[in-house]
Amino acid sequence: MADPSQDATVASWVRQHGTLARFDLEIALCHILDCSRAHLLTHPDRALNQPELAQLERWSDQLYKHVPIAYLCGNQEFWGLSLTVDHRVLVPRPDTETLVEQTLACMAQQDPSPSTGTALRLLDLGTGSGAIALALASERPDADVHACDCSLDSLAVARENSRSLRLPVTLHHSDWFDNISQRYDLIVSNPPYIAPSDPHLDLLGAEPAHALVADDNGLADLRTICEQAGRFLQTNGWLLLEHGFDQAEAVRSLLSNNGFIDVQSRRDLGGNERVTWGQKPSDQALSAHE
Ligand SMILES: C[S@@+](CC[C@H](N)C(=O)[O-])C[C@H]1O[C@@H](n2cnc3c(N)ncnc32)[C@H](O)[C@@H]1O
């Protein structure tokens, strides 16, 4: 009987799955053939043997079901760090690097900590894989980095990443601020912000719903955080938030209405206003506002 893998090559397999993202196919090939992307591109006629083809077909079946390639490989690069990821956590997105960049800019303005004169203390709310907290810890080893999540599964992944990357982060199991007792110089969050009715959710079904969906047209968690963060920030501390491409105006209002000053937004790599932040005035000014 003819061997079905007889004529299969890198190029023919990519052609066969032309409706899938080319980038995902190349990552799958690099991972399964254990080669670089440069090797792949220069050897399109590399033959695929039966075990390789079988594994590639298993992975392409998953890709057609919108399982992220990062779950299949088990890792995702973020801010130059290789993070372990699986179905327990959101796959960190490149756009979230904009939030990291802005947080670093705010940290640079705050040195040294106005509150203690010692290390800046920051909290990443809803840390998932730990992406934001670990990126910040890698850039600012002098900072005291904390992170929380309501999901114990997510915290297990974040803990594993913190350990394997040797980047210390203090983890808290907390429903937003419920188990947080300290004050911070910066609070940063990429909370769930997709409306339950958003049609894009159909393509995101493999990722945990608790990482993606928020009531009130996607604004419920952003609102909770804006309402509560003031009590957990030092005077002059910053709250920085990632949000949907069409939510910047709403988030600016949430921050201003909760007493934050110097409220601004910044665009992501795709040109959308994606990150909004504000500064906490003195407690007195904040309580006068309440
Ligand atoms: C959009 S994901 C962001 C994950 C990660 N920070 C990132 O940027 O890749 C939102 C995260 O918030 C967490 N989360 C959702 N509701 C929460 C809550 N009430 N309290 C704490 N964390 C929550 C989810 O478990 C998830 O890890």
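Values in this document were obtained by computation on a predicted structure and should not be read as measured data.
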Assess, by modelled atom type and distance only, whether the side chains of [X] and [Y] contain a donor and an acceptor separated by less than 3.5 Å.
X	Y	result
W79	E139	yes
S265	R252	yes
N236	Q234	no

[X] side chain to [Y] main-chain N or O, any donor-acceptor pair under 3.5 Å?
X	Y	value
T103	L99	yes
E207	L90	no
S12	A8	no

How about V145 and D124: do any of their side-chain heavy atoms sit closer than 4.5 Å? no

Just wondering, do V10 and H43 contact through their side chains at under 4.5 Å, heavy atoms? no

Residue among L233, L123, V263, N258 satisfying side-chain contact (heavy atoms from CB on, under 4.5 Å) with L239: L233

Could you list the residues that satisfy salt bridge (charged side-chain N to carboxylate O under 4.0 Å, His left out) with E160, not counting sequence neighbours? R163

Counting only heavy atoms not in D268, do more than 12 sit closer than 6.0 Å to its CG atom? yes

Verify the neighbour count for atom CG of D202: are there more than 12 heavy atoms of other residues, nucleotides or ligands below 6.0 Å? yes

Restricting to pairs with a member in residues 149-184, which pass ring pair (Phe, Tyr, Trp, His ring centres under 6.0 Å), not counting sequence neighbours? H146-H172, H146-Y184, F177-F232

Pairs of donor and acceptor atoms involving the side chains of residues 64-73, under 3.5 Å and at least two apart or interchain, shall be tabulated with distances.
from, atom 1, to, atom 2, distance (Å)
Y64, OH, H17, ND1, 2.8
Y71, OH, V89, O, 2.7

For R46 and W13, what are the C-alpha separation, side-chain angles and deciding distance, and is it a side-chain contact (heavy atoms from CB on, under 4.5 Å)? CA-CA 11 Å; R46 148 82 152 84; W13 187 75; over 6 Å; no

Group every Ile, Leu, Val, Met, Phe, Trp and Tyr by side-chain heavy-atom contacts under 4.5 Å, then state whether V188 and L104 land in the same group. yes

Under the criterion side-chain contact (heavy atoms from CB on, under 4.5 Å), I'd like the reasoning laid out for L33 against L48: C-alpha separation, chi angles, the key distance, then a yes or no. CA-CA 9 Å; L33 306 186; L48 301 173; 3.9 Å; yes

